[in-house]
Structures are given as structure tokens and as C-alpha cells.
**Q** 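Quick one: the structure is below, questions incoming.
Because the structure is a prediction, the values reported are computed rather than measured. We count ligands from 1, going down the list as the structure has it; atoms in each ligand are counted the same way.
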Amino acid sequence: MHNNIDTLFENLWQNYINVTPSANKVHQLLGEGDTLINDHVAFRTFNIEKVNLEKLSAHFLALGYEEKGQYDFEQKKLKAKHFEHTDPTQPKVFISELLVESFSQDVQNIIHKMVDQVEASAVTREDFLYSGAPWTVTTQEYETLLEASEYAAWMAAWGYRANHFTVSVNHMKHFQELTAVNQALKDAGFTLNVSGGEIKGGEDVCLAQSSTMADKVEVQFANASKVIPSCFYEFAQRYALPNGELYTGFVAASADKIFESTNTVAA
Ligand code: NI
């Protein structure tokens with residue numbers, strides 16, 4: 001495991017922009033004259049014990065992160081938790097896990113076959129969170145997963161890496177509002193996820209979020225290569241609670257739509 005938070009996030013970022021070149025371009029566009037602070041970084045996994053949410057979160061607990069919230073996504077068959085560091089300029093961490101047992105036997109078999117290929121000791125390795133897919137699948141297996149769950153298919157192809165980084169609009173100097181960030185992105189030709197509206201949430205739930213649609217990248221599967229969605233970039237604006245402190249949690253209804261940023265076709 002890492003003993004330095006900044007090194008971990010730097011490695012995660014490099015791994016992320018390798019497969020998400022648009023995020024690097026957005027970073028340069030928005031970062032001009034502004035230091036970009038990350039609101040959160042998100043990870044995905046399966047709820048199979050060897051690789052479950054707890055195994056991923058152990059990397060962050062060891063760096064001083066604490067569990068702060070739990071979320072259920074019944075329709076997508078996911079659970080998630082978020083973690084925060086005592087240093088508020090460090091990104092929050094959002095980790096979700098797919099409830100494998102709620103899928104068909106076919107889908108479960110493919111996922112178990114994947115996870116069987118993971119060495120139990122691999123999950124504690126320093127680079128595990130940006131090690132990619134520790135398994136191989138065929139394009140047929142990918143398609144079977146895709147029919148049942150976009151999330152499962154994404155995991156099969158991409159494995160362990162940041163699913164998205166998220167710019168904190170609150171920390172930007174040249175933009176005060178998420179709407180202005182979105183306009184700058186559209187003016188520059190980037191495609192936003194419009195599922196559930198361009199902005200998910202808002203001041204009423206103390207969190208407004210938007211995201212780009214994932215880049216499309218060629219992936220080598222066991223039998224052939226295929227161009228599929230990789231990762232996306234998110235933007236978050238937080239609002240104060242009645243006590244004057246910024247809300248630090250997540251809004252399940254909004255996150256539900258953000259998940260769809262890795263869909264092949266926008267909903
Ligand atoms: Ni997010």
C-alpha cells in the first residue's frame with residue numbers, strides 16, 4: 001500500500017489520462033490560471049470478498065481516510081461508500097461494488113471466472129488501484145456482461161483504476177458556477193452526459209454535478225480488440241448546509257445518472 005497520498009493520486013491520474021485523453025485536455029482548458037482541486041475520485045469493483053469494497057478502501061484507510069457515507073443503487077445493483085481525509089484539500093474517495101449474486105448464473109460465472117484469475121495478495125499491492133484488469137475476457141463475455149450491466153462490462157475491460165476524477169468547482173478561481181464550467185466545455189467541443197439533465201442535483205440537495213461522456217478507446221480482449229468507453233471527467237459544486245458548512249456527502253439519485261457516463265450511447 002502507498003504511504004503517500006499525493007504519490008497515489010499522481011499515479012492514479014497518469015494511469016487515468018492514458019486511457020482518457022479528453023480529461024487531460026479538459027484539465028488544461030480549465031486549469032489555465034487555476035489550480036484544480038479534486039472533489040473526489042471514484043473506483044468500481046465487485047462484492048466478491050477477494051476484491052470487494054473493503055479491500056479497495058483499505059488502501060485509503062491506511063492513508064488516514066475515514067468512512068463517511070453509505071449509498072444503495074437498487075436498480076443498478078450497486079452499493080457504495082464514501083471516504084474523507086482530515087485534510088479537506090485531499091479528494092474524497094467514492095467506492096462502489098456490484099452485487100454479483102443479483103445477476104443471472106451466466107453473468108455470475110463470467111465474473112467469478114475473472115476474479116478467480118486475481119491473486120489474493122495482488123489487492124494489497126501498492127499499485128493495485130491503478131493496475132488495470134487483472135484478468136482476461138473475450139469480446140463475447142464482454143458483450144454478455146454489457147447486456148446485463150454496463151458497470152460489469154466496464155469492470156471486465158478496465159478493472160482497477162480511477163473511473164473518474166472530479167474537479168471541485170468551489171476551489172476554482174476563474175469559475176464560480178458549474179453552469180459556466182459546462183458552457184466552457186461545450187464551447188470547446190466536449191460532450192457532456194445529459195442523462196437526468198446536464199446538471200444532476202443542485203442547491204436544493206447541496207451538490208450539483210456534471211460530467212463528460214467517457215472517451216472511446218481500443219481495448220485488446222482475449223480474442224480480438226474492440227473500441228469501447230473508457231473513463232470520464234466530472235465537475236462538482238457543493239453548497240452550504242444550514243450550519244454554514246459545505247455538504248461533503250453524495251446524492252444517490254445524481255450518482256445513479258453519473259454512472260451512465262460510461263454508457264456507449266447516452267441515455
Ligand atoms: Ni463522481
**Q** Under the rule for salt bridge (Lys or Arg N to Asp or Glu O under 4.0 Å), what residues qualify as partners of E66, not counting sequence neighbours?
**A**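 Result, salt bridge (Lys or Arg N to Asp or Glu O under 4.0 Å) vs E66: K68.
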**Q** Please list, chain by chain and in numerical order, all residues satisfying salt bridge (Lys or Arg N to Asp or Glu O under 4.0 Å) with E234, sequence neighbours excluded.
**A** none
**Q** Would you mind reporting whether S149 and F103 have side-chain heavy atoms less than 4.5 Å apart?
**A** yes
**Q** Partners of H85 by ring pair (Phe, Tyr, Trp, His ring centres under 6.0 Å), sequence neighbours excluded?
**A**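 So H85 forms a ring pair (Phe, Tyr, Trp, His ring centres under 6.0 Å) with Y65.
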**Q** Is a donor on one side and an acceptor on the other found under 3.5 Å between the side chain of S261 and the backbone of N193?
**A**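 No: the side chain of S261 does not pair with the backbone of N193.
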**Q** Tell me, which protein N/O/S atoms are under 2.8 Å away from the Ni ion (ligand 1)?
**A**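 Metal shell, protein only: H40 NE2, H164 NE2, E234 OE1.
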**Q** Would you verify whether the NZ or CZ of R125 falls within 45 degrees of the ring axis of Y130 while also being under 6.0 Å from that six-membered ring's centre?
**A** no
